[in-house]
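Input: a single structure, listed below in structure tokens.
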Amino acid sequence: MSPILKVGVVGTGIFATDRHLPSYQEMSDNFKVVAAYNRTKAKALIFAEKAGLPDNKVYDDLDQILNDKDVDYIDALLPVQFNVSTLQKAIAAGKPILMEKPIAATMEQARKMVQLADSTDLPVGIAENWLYLQVIEPAKEQLKRIGEVVGFTHNSTGPFVQDNKYLATTWRQNPEHIGGFLSDGGVHQLALVTDILGEFDTISALTSQVREVSGADDIVFSTVRLRNKKTIGTFTYGSAFGASEKSVFLKIYGTKGSMVIDLSNKTKPVIKIRVGDSAESASAEEVIEVNVEESFGVNPEFLNFHEAVAKKDKTLFKSSPRAAFHHLACVAAFLESSATNGDHVTVERI
Ligand SMILES: NC(=O)c1ccc[n+]([C@@H]2O[C@H](COP(=O)([O-])OP(=O)(O)OC[C@H]3O[C@@H](n4cnc5c(N)ncnc54)[C@H](OP(=O)(O)O)[C@@H]3O)[C@@H](O)[C@H]2O)c1
């Protein structure tokens with residue numbers, strides 16, 4: 001029987017309250033939130049009430065929760081410029097830790113995160129829930145049918161949403177993390193595309209800031225070559241436009257067919273595929289509807305971290321710091337390329 005892992009939550013803000021806590025509560029056979037720490041204690045106390053924690057399990061600092069022997073692992077949901085120092089402390093305390101995306105605020109910090117994770121046998125994860133979307137495995141299966149992949153178009157665009165509670169957070173409006181929303185949300189898209197197709201090698205991009213409230217550039221249009229050298233494509237991301245339909249899709253072109261993974265309706269993703277090496281031999285379009293769970297990847301992500309912690313094997317966790325490094329490195333390459341008017345930039349490897 002799988003053990004119930006006892007979780008200490010650090011940073012009891014919006015996402016901790018609205019998504020992580022409900023996920024832990026839905027999976028009570030596997031997890032129990034047993035302690036919390038937040039900079040503003042009043043917010044931690046509200047979280048504690050929702051989690052059913054006694055007041056003496058709401059701590060006044062990070063060291064106290066790290067030293068709680070009841071806590072099997074830490075789930076940290078902080079602005080990511082705090083990831084390095086939090087990871088250092090967790091390793092010193094011997095606690096596995098799951099931290100939020102993007103991996104870090106800068107590439108220098110991201111390198112340090114990978115170094116630190118490599119230096120320990122403790123499971124260390126970056127919570128990139130899009131790596132666990134249920135559309136990914138069926139998409140990989142269908143991909144085998146369209147021959148060699150020669151091109152792709154990824155598009156994730158939508159209207160600016162004024163009444164967005166995430167946007168109202170001051171650390172997002174004054175981002176220390178490179179690229180602001182381009183890394184905050186963009187790493188999710190990059191996780192999806194690179195998990196299905198492979199890592200980016202070079203990028204030529206232009207980025208721009210549409211909304212002042214974004215605090216940094218908030219749209220990117222780019223062309224990309226994958227590391228396999230054969231595949232070229234485009235990657236477009238931004239939710240800062242005027243009224244427009246929300247459109248999230250990855251179209252993949254192969255020598256023997258093509259497919260589209262359409263995530264525009266988050267709760268009803270579809271894969272559309274056409275097989276054949278020419279217009280004359282093309283089959284009729286097949287439409288595959290994918291059933292999804294409601295946590296948008298968070299529940300399977302937690303179960304994967306559970307497995308790594310319970311089996312004391314950090315290699316079992318898919319969303320590793322090394323995987324997450326690539327996604328931030330792509331954002332860094334977008335920005336570097338744009339600064340030189342779209343020159344091709346090689347994505348940093350580690
Ligand atoms: N995977 C996803 O889809 C997803 C979605 C949303 C958010 N996230 C991630 O979750 C994390 C939290 O985001 P959120 O939207 O929940 O934001 P939030 O509500 O602002 O939460 C941020 C938390 O960090 C704490 N904090 C802020 N500055 C701090 C400092 N200087 N020292 C110590 N603690 C500090 C805040 O404490 P106070 O209460 O004292 O301000 C708050 O508890 C971020 O890393 C974000 O990228 C992920």
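All values reported here derive from a predicted model rather than from experimental measurement. Numbering of ligands and ligand atoms starts at 1, following listing order.
When the heavy-atom distances from atom 46 (C) of ligand 1 to Trp171, Phe296, Phe15 are ranked, the shortest goes to Trp171. The closest non-hydrogen atom to atom 34 (N) of ligand 1, taken over His20, Arg39, Arg172, comes from Arg39. Among Thr86, Leu77, Leu62, the residue whose heavy atom sits closest to atom 22 (C) of ligand 1 is Leu77.
An N or O contact shorter than 3.5 Å is missing between Val80 and ligand 1 by distance. Checked by distance only, ligand 1 and Ile14 come closer than 3.5 Å through their nitrogen or oxygen atoms.
Looking at Asn129 against ligand 1, only its side chain comes within 4.0 Å, counting heavy atoms. If you look at Val298 next to ligand 1, there are no close heavy atoms at all, none under 4.0 Å. Within the 4.0 Å heavy-atom criterion, neither part of Glu128 lies near ligand 1. With a 4.0 Å cut-off on non-hydrogen atoms, Tyr166 touches ligand 1 through its side chain and not its backbone.
Put simply, no part of Arg19 is less than 4.0 Å from ligand 1, judged by heavy atoms.
If you check which protein heavy atom lies closest to atom 36 (C) of ligand 1, you get Asn38 OD1, 3.9 Å. The protein heavy-atom contact nearest to atom 48 (C) of ligand 1 is Glu100 OE1, 3.2 Å. Annotation: atom 21 (O) of ligand 1 to nearest protein heavy atom, Gly13 CA, 3.6 Å. The protein non-hydrogen atom at the shortest distance from atom 31 (N) of ligand 1 is Phe82 CZ, 2.9 Å. Protein heavy atom in closest approach to atom 39 (O) of ligand 1: Lys43 NZ, 2.6 Å. Summary of contacts: the protein heavy atom closest to atom 47 (O) of ligand 1 is Lys101 O, 2.9 Å. Closest protein heavy atom to atom 26 (N) of ligand 1: Pro79 CD, 3.7 Å.
Within the listing of ligand 1, atoms 1 (N), 2 (C), 3 (O) sit less than 4.0 angstrom from a heavy atom of His188. Within ligand 1, the atoms closer than 4.0 Å to a non-hydrogen atom of Thr40 are 38 (P), 39 (O), 40 (O), numbered from 1 in the order shown. Within ligand 1, the atoms closer than 4.0 Å to a non-hydrogen atom of Gly11 are 43 (O), numbered from 1 in the order shown.
Cation-pi contact between Lys266 and Phe296: present, with separation from the ring centre below 6.0 Å and deviation from the ring axis of at most 45°.
Ring-plane geometry between Trp130 and His188 is classed as parallel, the angle between the planes falling under 30 degrees on a 0 to 90 degree scale with a further cut at 60. Note on ring orientation: taking the six-membered ring where Trp is involved, the planes of Phe235 and Phe334 are parallel (angle under 30°, cut-offs 30° and 60°).
Counted by atom type alone, Asp61 and Tyr37 present zero donor-acceptor pairs between their side chains at under 3.5 Å.
With hydrogens and angles ignored, the 3.5 Å screen pairs a side-chain donor or acceptor of Thr86 with a backbone N or O of Phe82.
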